[in-house]
Amino acid sequence: MNSIATPFIERCWNFIGIEGDRSCPQLATYTHCRNCPVYSTAGRNLLERSIPENYRYEWTQLLAKSRVDENSQISHTLPTTQTLTVVIFRLQREWLALSAQIFKEMALPSVVHTLPHRSNQILRGLVSIRGELRLCISLSHLLNLEVADIPVQTLTPVVYSRMVVLEKAGNIWVFGVDELYGIHRFHQDELQEPPKSLTQTYTKGLFQWQPAGLAMARLHSVSYLDDELLFTTLARKVQ
């Protein structure tokens, strides 16, 4: 790029001013060069100087090249497959996952108040979440999960059950989990076909997951649940 032509500007501040030997008699009046009219006039002349020929063109070319290089770098770093973000949890023996977008919050286990004249095993009753009553369901019954009659291998020696709150299109459901891992990301092409089982109806696919940060953690097979079908089914069966 061509250098920008700069008109002659008296830079007395570099010689007799604050950056020089400070022999300028005006320092007694203005204390510092930036308060002097000579300094401010020089700055104004610098800002108001004429633009050299081809200045705009050269900068346009430079910025356009930078944008092309940036876009090219981004396109090489983006994954070729869609990344899915889920929350992983355990019910009975099964490790399950749902889209993280529908998780509203986690809460400590609370007392579930049963509803009179409701014998539906899926609907457990009402539970208070932050002072608001929410419908609490049994996801284990909906998925027909077998009850674990022997101790289940957990991620850590200390396991706390939780209640999770899901929200989708204004519909809110609460259910308890036996163990909660948290957020996990994986590529969509890692999904495998689920086996023929009762839970297959609600399963989009399986993926292999090894908990991060846990020494000697074994590989788990996780069922990625269809949240759209899950909410539709709950709205139909719980009414």
Side-chain angles (χ1 to χ4, degrees), residues 75-107 120-124 135-156 159-238:
S75 65
H76 282 86
T77 56
L78 285 176
T80 56
T81 55
Q82 182 182 1
T83 300
L84 302 175
T85 304
V86 299
V87 173
I88 297 177
F89 56 92
R90 180 177 60 81
L91 289 177
Q92 304 297 337
R93 301 176 180 275
E94 301 291 331
W95 283 100
L96 308 167
L98 277 165
S99 172
Q101 294 181 349
I102 67 172
F103 276 80
K104 184 178 181 181
E105 63 178 303
M106 318 293 175
N120 191 331
Q121 289 186 320
I122 297 176
L123 178 61
R124 295 184 58 195
L135 290 174
C136 181
I137 57 106
S138 171
L139 190 58
S140 297
H141 280 90
L142 179 64
L143 302 179
N144 294 306
L145 299 181
E146 295 182 2
V147 178
D149 52 359
I150 58 175
V152 177
Q153 183 177 2
T154 59
L155 293 182
T156 60
V159 176
Y160 299 97
S161 57
R162 293 286 189 273
M163 280 187 167
V164 298
V165 184
L166 307 183
E167 182 175 11
K168 187 178 180 69
N171 298 313
I172 299 178
W173 300 100
V174 181
F175 64 89
V177 299
D178 297 314
E179 190 172 357
L180 180 67
Y181 172 75
I183 294 178
H184 176 70
R185 295 177 177 85
F186 66 97
H187 289 166
Q188 190 171 15
D189 59 1
E190 296 179 36
L191 282 178
Q192 307 167 2
E193 286 294 326
K196 301 295 182 182
S197 64
L198 293 175
T199 59
Q200 183 185 12
T201 305
Y202 301 97
T203 303
K204 288 184 177 181
L206 302 176
F207 64 90
Q208 300 301 310
W209 158 68
Q210 188 172 24
L214 298 178
M216 305 300 291
R218 68 181 184 88
L219 203 63
H220 295 273
S221 182
V222 182
S223 298
Y224 179 40
L225 301 178
D226 187 337
D227 56 273
E228 190 74 36
L229 180 59
L230 190 66
F231 271 73
T232 302
T233 305
L234 284 172
R236 186 179 70 252
K237 291 191 173 184
V238 172

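Here the structure is a predicted model, which means the values were calculated and not measured.
- Counting only heavy atoms from C-beta outward, the side chains of Leu139 and Phe89 approach each other to under 4.5 Å.
- To the nearest 0.5 Å, atom CZ of residue Arg162 and atom CZ of residue Phe175 are 14.0 Å apart.
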Report, one line per pair, each donor and acceptor closer than 3.5 Å where one atom sits in a side chain of residues 224-232; sequence neighbours left out.
{"from": "Asp226", "atom 1": "OD1", "to": "Glu228", "atom 2": "N", "distance (Å)": "3.1"}
{"from": "Asp226", "atom 1": "OD1", "to": "Leu229", "atom 2": "N", "distance (Å)": "3.2"}
{"from": "Asp227", "atom 1": "OD2", "to": "Lys168", "atom 2": "NZ", "distance (Å)": "3.0"}
{"from": "Thr232", "atom 1": "OG1", "to": "Glu228", "atom 2": "O", "distance (Å)": "2.9"}

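- Put simply, the side chain of Val87 does not reach to within 4.5 Å of the side chain of Leu98, judged on heavy atoms.
- Considering every non-hydrogen atom in both Gln121 and Ser138, the closest pair reads O-CB, 3.8 Å.
- Applying the salt bridge (Lys or Arg N to Asp or Glu O under 4.0 Å) criterion to Glu105, with sequence neighbours excluded, gives Arg130.
- With sequence neighbours excluded, no residue forms a ring-ring contact (aromatic ring centres under 6.0 Å, His included) with Phe103.
- Ser99 is linked by a side chain to side chain donor-acceptor pair (under 3.5 Å) to nothing, counting only residues two or more places apart in sequence or in another chain.
- Nearest heavy atom pair, residue Trp173 against residue Ile137, reads CE3-CG2, 3.5 Å.
- Within the 4.5 Å cutoff, the side chain of His184 has heavy atoms near those of the Phe207 side chain.
- No close placement of the Tyr181 and Trp95 rings is indicated, their centers lying 6.0 Å or farther apart.
- Shortest non-hydrogen contact noted between Gly176 and Leu91 is O-CD2, 3.2 Å.
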With side chain to side chain contact (heavy atoms under 4.5 Å, CB included) as the criterion, how do Gln192 and Gln208 come out once you've worked through the C-alpha distance, each side chain's angles and the decisive distance to 0.1 Å?
CA-CA 9 Å; Gln192 307 167 2; Gln208 300 301 310; 3.9 Å; yes
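- Note that CG of Leu123 and CG of Leu234 are 9.5 Å apart. Values are rounded to the nearest 0.5 Å.
- Tested against Ile122 for a side-chain contact (heavy atoms from CB on, under 4.5 Å), the candidates Leu143, Leu142, Thr233 yield a single pass: Leu142.
- Looking at heavy atoms from C-beta onward, Pro211 lies in side-chain contact with His220 at the 4.5 angstrom threshold.
- The local environment of CD1 in Ile172 is crowded, with over 12 non-hydrogen atoms from other residues, nucleotides or ligands closer than 6.0 Å.
- A donor-acceptor contact shorter than 3.5 Å links the side chain of Glu190 to the backbone of His187.
- With rounding to the nearest 0.5 angstrom, the CZ atom of Arg93 is 12.5 Å from the OG atom of Ser140.
- In this structure, CG in Leu206 is found 9.0 Å from CD in Glu193, a value given to the nearest 0.5 Å.
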Take Leu191 and Leu84 through the test side chain to side chain contact (heavy atoms under 4.5 Å, CB included) and record every step on the way to the result.
CA-CA 10 Å; Leu191 282 178; Leu84 302 175; 4.3 Å; yes
